[in-house]
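Beneath this line is the structure, given in structure tokens, with notes to follow.
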Protein chains: 2
Amino acid sequence: MALVNIGSYIEDMATPRPSRLARKPRAQYHHGDLRRALLQAAVRTLQKQGLDALTLRSVGDELGVSRSALYRHFSDKAALLTAVASEGFRLLHDALRTAWEHAGKGRAGSLAMGEAYVSFALEHPWHYRVMFGSGFDLDASDPELRQAGAAALEVLVESLVELQAAGLARQEDVRTQANFVWAVVHGVAMLAIDGSIEHQGADAKALARYAVERLHTGIAPAVP
Amino acid sequence: MALVNIGSYIEDMATPRPSRLARKPRAQYHHGDLRRALLQAAVRTLQKQGLDALTLRSVGDELGVSRSALYRHFSDKAALLTAVASEGFRLLHDALRTAWEHAGKGRAGSLAMGEAYVSFALEHPWHYRVMFGSGFDLDASDPELRQAGAAALEVLVESLVELQAAGLARQEDVRTQANFVWAVVHGVAMLAIDGSIEHQGADAKALARYAVERLHTGIAPAVP
DNA sequence: ACCTGAACACCGTTCAAGT
DNA sequence: ACCTGAACACCGTTCAAGT
């Protein structure tokens, strides 16, 4: 643990100043897909210990690699977090698509999607926060992130197009509708993982179900 | 700017080691309500420069006070952020109450509240993120924070009770309804300040209006 | 009681050097 | 090409001392 400890540094002043080279080399290099390994280690740390524990040192240590090895694969910590967020959107996308298709699409499908969305957030709260947190820096203009986010939203749009075709949703701009639906599930998810709901003795998943039901009524075609 | 700069520190070693006392004292102490001043300086920095710029040093400097003076008034940085969040909930509470009452309550009132909520988030994005961000630490169990958050939610509950009484909302558990409505506006607000909506060329406030309208339909009593 | 300045134990990032 | 270890410029926090 080489840290800036002035006390011990001063002691060292007695011995000749250490030159900037020739330190014992590590047993062996990592080699292999270090980028992927770093990404997965970051996700693991996040899931187990939260965002504060996610330091470049901790990630490096877990792989037996120096903390600056990361800079060969990511431009900085923000880039690592951006990659973590992209990976999160891919996982969310898969979860939504699976829920939608396994439930046979339609009304049941969108209910399943709503539950799957909130479940994902509850099961990976830190990962979810990194995806949407925005308190910390994260390169919002990164193409990979934008693409992964858009792909996840696309499942929603697809389901709404089907609901409209089946006469279960108002025939209006589907992207506005999708943004609205997304906002609802996102809002429920955020309140759920912040504990704002549990603190009132309410249940997050129950709220998710309620929300999707009211949502269906809300976007249903007007009764003539 | 006294920072741990080893280079200049080593130069100083030529001169006798500085003892741990007797430094030129500051012109004068702050005196007055330093706690309040610190809180307001923190809010100002947040609004103007974002969360990364909010360091104890920057806040202290702005008031001409040492960085550790803060510890007389807050147990740590998390406590300062918690106070900032509480203040945010009070401001939000006022904005919602004003919108609700000025619009004459009822349907128009809740539409005004929805817009006021999203407007607050758009106008104070960093303050809003601290209130809900949850990426950074913030003492969620703080009584003041809990109370301020509950008070803001209370306006919503109140409006829903009225809507129910007027036959404009389903007669069901009002707290579940309130959580749902809160999730919706919160979701819209988060997507809005993250730029997720603007990037699609859509308008955040328009989405807020759309959302509240669909919300009204969603929670309206079932047609017999 | 309130505040200061130095010390301390962490950070992320850079860079000359090693393989 | 890939990685290392030391240096560096910041952080938040603690504490003996000053008023």
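What's counted below: heavy atoms across the whole structure, side chains too, no hydrogens, waters or symmetry copies. Residue numbers start from 1 in every chain, and the chains themselves are labelled A, B, ... in the order their sequence lines are given, proteins ahead of strands.
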Is [Y] paired with [X] through a side-chain N to carboxylate O contact shorter than 4.0 Å?
X	Y	answer
B:Glu115	B:Arg209	yes
B:Asp139	B:Arg146	no
B:Arg44	B:Glu87	no
A:Glu144	A:Arg90	yes

(request) Specify the residue among A:Arg72 and A:Leu54 whose closest nucleotide of DNA chain C lies further upstream toward the 5′ end. (result)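 Residue closer to the 5' terminus by nearest nucleotide: A:Leu54.
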Counting only side-chain heavy atoms from C-beta out, which of [options] sits nearest to [X]?
X	options	answer
B:Lys77	D:dG12, C:dT13, C:dT4	D:dG12
B:Val65	C:dT13, C:dT4, D:dG5	C:dT4
A:Tyr71	C:dC3, C:dT13, D:dT4	C:dT13

(message) What I'd like to find out is whether the side chain of A:Leu54 reaches to under 4.5 Å of the side chain of A:Leu81, using heavy atoms alone.
(response)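 Yes, at least one pair of side-chain atoms sits under 4.5 Å.
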(request) Using a 3.5 Å limit on both pairing distances, list the dot-bracket string of DNA chain D from the 5' end; Watson-Crick and G-U wobble pairs count, crossing pairs take [ ], interstrand pairs take |. (result) ||.|||||...|||||.||
Please report the distance, rounded to the nearest Å, between [atom1] in [X] and [atom2] in [N].
X	N	atom1	atom2	value
A:Asp33	D:dC2	CG	P	11 Å
A:Leu34	D:dT4	CG	C1'	13 Å
B:Arg67	C:dC8	CZ	C1'	12 Å
A:Leu80	C:dC11	CG	P	15 Å
A:Leu56	C:dC10	CG	P	16 Å
A:Leu70	C:dC11	CG	P	14 Å
B:Asp52	C:dC11	CG	P	17 Å

(request) Give, for atom CG of A:Leu63 and atom CG of A:Leu70, the distance between the pair rounded to the nearest 0.5 Å. (result)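 Reported value, rounded in 0.5 Å steps: 10.0 Å.
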(message) Ring of A:Trp100, cation from A:Arg97 - is the NZ or CZ under 6.0 Å from the centre and inside 45° of the axis?
(response)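 Relative to the ring axis of A:Trp100, which defines the angle, A:Arg97 lies outside at least one limit.
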(message) Looking at A:His73, I'd like to know whether one of its side-chain N or O atoms comes within less than 4.0 Å of OP1 or OP2 on D:dC2.
(response)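 For A:His73, the contact criterion (side-chain N or O under 4.0 Å from OP1 or OP2 of D:dC2) is not met.
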(message) Between D:dG12 and B:Arg57, counting only base atoms on the nucleotide and side-chain atoms on the residue, is there a donor-acceptor pair under 3.5 Å?
(response)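 Yes, a donor-acceptor pair under 3.5 Å.
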(message) Is it the case that C:dG12 (base atoms only) and A:Ser68 (side chain only) share a donor and an acceptor within less than 3.5 Å, ignoring hydrogens and angles?
(response)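 Side chain to base: no pair present.
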